[in-house]
Amino acid sequence: MALRAHFPALLRNALATAEQGWPVFLLGRTKRPIANCPDCQPPKSGRPAHDPQACPHLTCHGFYAATLDPDRIQAMCTLHPGGLLAIRTGVVSALAVLDIDPRNGGALDPVLMPRTRCVASGGGGWHLYYRHPGGTLAAKLPGHPGVDIKADGGYIVAPPSIHPITRQPYRTLDDHPVIEMPRRLAAACRPRPAVTVTAPASSNPLRRAAGISNPHALLNAHLQAVRTAPEGKRRTTLYGAARGVARMVAAGAITHADAVAALTAVGRDAQQTPRDVHKAIVGGFRAEGLAV
């Protein structure tokens, strides 16, 4: 679609979406956030960091640029008329979206997923919009392959965006009012309990001398770094965590299986794809001389 023809629909849908209380922003043509300007690049020596939520720039910091302000939305769309429209999900927008991808085995489950607003994605799947139930939601719907959960720290592509690969538009299939996420579905969307790691019963002074006298605290520190990493840094942070946990495996402070399970769980909770999670863990372990 030519930019001249796309712009009116982009602006119209962006304003209409914001009127529903859902903050919007723009992505580049590859479904990724528009690159930060030079002033908003990661801090370097002599350059102070700033709060992305308070940044005044139109499109920097990904979903932190999402807004309900009609003037900012018009300026954003005018500056990037070929951009993809995106909605910031999570408590901030009171919105949680099930992203169902048939290519990865995703399927609609009418028993678990009652009728609500439904958008056809340009990739051949569906987005089901629900009011956010509050609390923390997982990145994936357990037991349902190919179903991602877009909530806090995430976003969803919205109509009239054009999928960068298929060139098919995102379009509303069912304009049903967005309903409260039912209790059964909300319970299914909660993160699974964290993996409990038990240190070996034997005590080796050399391990304590190596700085692993408290494996629980060290493991939690590595995992917490991934949980709190900003979007765009989560994969590299997971790789770094994998290297640190691999060193714990080598020292005998944690079993290989528990280490992989803990890293996989935190990677998925950080909304990384299974492929990226696997690559980060494999890369980190190999860098420390371990196989996965």
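Contact annotation: the side chain of P33 never approaches that of F63 to less than 4.5 Å [non-hydrogen atoms, C-beta and beyond]. In this structure, the side chains of V147 and D99 stay at 4.5 Å or more apart for every pair of heavy atoms. Using a 4.5 Å cut-off on side-chain heavy atoms (C-beta onward), P164 and R29 make no contact. Two residues are said to be in side-chain contact when any heavy atoms from C-beta on lie closer than 4.5 Å; R171 and L173 meet this criterion. D152 is listed as a side-chain neighbour of H132, based on a closest heavy-atom distance under 4.5 Å. Side-chain contact between S93 and P23 is present, with at least one heavy-atom pair separated by less than 4.5 Å. At least one side-chain heavy atom of I73 sits less than 4.5 Å from a side-chain heavy atom of T67. Side-chain contact check for L26 versus L85: some heavy-atom pair is nearer than 4.5 Å.
Neither L15 nor L68 shares a network with the other; the hydrophobic side chains, linked directly or stepwise wherever heavy atoms of I, L, V, M, F, W or Y lie under 4.5 Å apart, form separate groups for each. Note on V24 and V178: same hydrophobic cluster, where clusters join Ile, Leu, Val, Met, Phe, Trp and Tyr whose side-chain heavy atoms are under 4.5 Å apart, directly or indirectly. In this structure, M113 is a member of the same hydrophobic cluster as W126, with clusters built from ILVMFWY side-chain heavy atoms closer than 4.5 Å. L108 and Y129 sit in two unconnected hydrophobic clusters of ILVMFWY residues. Membership requires side-chain heavy atoms under 4.5 Å apart, directly or through other members. Residues M76 and I156 fall within the same hydrophobic cluster, defined by Ile, Leu, Val, Met, Phe, Trp and Tyr side chains chained together at heavy-atom separations under 4.5 Å.
Atom CD1 of I254 sits about 4.5 Å away from atom CG of L219, to the nearest 0.5 Å. Once rounded to the nearest 0.5 Å, the distance linking NE2 of H57 with CG of N36 reads 9.5 Å. Distance check, rounded to the nearest 0.5 Å: CG of L95 to CE of M181 gives 9.0 Å. Note that CG of D39 and SG of C60 are 8.0 Å apart. Values are rounded to the nearest 0.5 Å. In this structure, CG in L128 is found 10.5 Å from CG in D109, a value given to the nearest 0.5 Å. The line from CD1 of I165 to OG1 of T30 is 9.5 Å long, rounded to the nearest 0.5 Å.
Taking all atoms of both residues into account, the shortest heavy-atom contact from G284 to A246 is O-CB, 4.3 Å. P142 and A188 make their closest contact through CD-O, 3.1 Å (heavy atoms, listed as atom of the first residue, atom of the second, distance). Taking all atoms of both residues into account, the shortest heavy-atom contact from L185 to L112 is CB-O, 3.6 Å. Across all non-hydrogen atoms, the minimal contact from H163 to G123 is CD2-N, 3.4 Å. Contact detail for R72 and L58: the closest heavy-atom pair is NH2-CA, 3.6 Å. For A262 against L223, the heavy-atom pair with the smallest separation is O-CD2, 4.0 Å.
When the shell of 6.0 Å around CZ of R268 is examined, it contains 12 or fewer heavy atoms from other residues, nucleotides or ligands. Atom CD of Q74 has 12 or fewer heavy atoms from other residues, nucleotides or ligands within 6.0 Å. Around NE2 of H278, the count of heavy atoms belonging to other residues, nucleotides or ligands within 6.0 Å does not exceed 12.
Here the side chain of N104 pairs no donor or acceptor atom with the backbone of G106 at under 3.5 angstrom. Counting only distance, with no hydrogens or angles, the side chain of R190 and the backbone of T136 share a donor-acceptor pair below 3.5 Å. Within the 3.5 Å criterion, the main-chain N or O of G122 finds a donor-acceptor partner in the side chain of T166. T89 contributes a side-chain N or O that, together with a main-chain N or O of G154, makes up a donor-acceptor pair within less than 3.5 Å.
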Start with the C-alpha gap between Y130 and I179, add the side-chain angles, then the distance that decides, and say whether side chain to side chain contact (heavy atoms under 4.5 Å, CB included) holds. CA-CA 5 Å; Y130 294 98; I179 68 168; 3.7 Å; yes

Go through the steps to decide whether L27 and R32 satisfy the test side chain to side chain contact (heavy atoms under 4.5 Å, CB included), and finish with yes or no. CA-CA 5 Å; L27 305 173; R32 293 186 179 276; over 6 Å; no

Test salt bridge (Lys or Arg N to Asp or Glu O under 4.0 Å) on R117 and D174; report intermediate values, then the result. CA-CA 5 Å; R117 178 184 176 88; D174 188 346; over 6 Å; no

Using the side chain to side chain contact (heavy atoms under 4.5 Å, CB included) rule, take L10 and H80 through it: C-alpha gap first, then chi angles, then the decisive distance, then the call. CA-CA 10 Å; L10 174 66; H80 295 283; over 6 Å; no

What do the steps show when you test V157 against K31 for side chain to side chain contact (heavy atoms under 4.5 Å, CB included), and what is the final call? CA-CA 8 Å; V157 182; K31 293 175 60 177; 4.1 Å; yes

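A salt bridge links K140 to D148: one of the charged nitrogens lies within less than 4.0 Å of a carboxylate oxygen.
Ring geometry for H256 versus F285: interplanar angle over 60°, hence perpendicular rather than tilted (30 to 60°).
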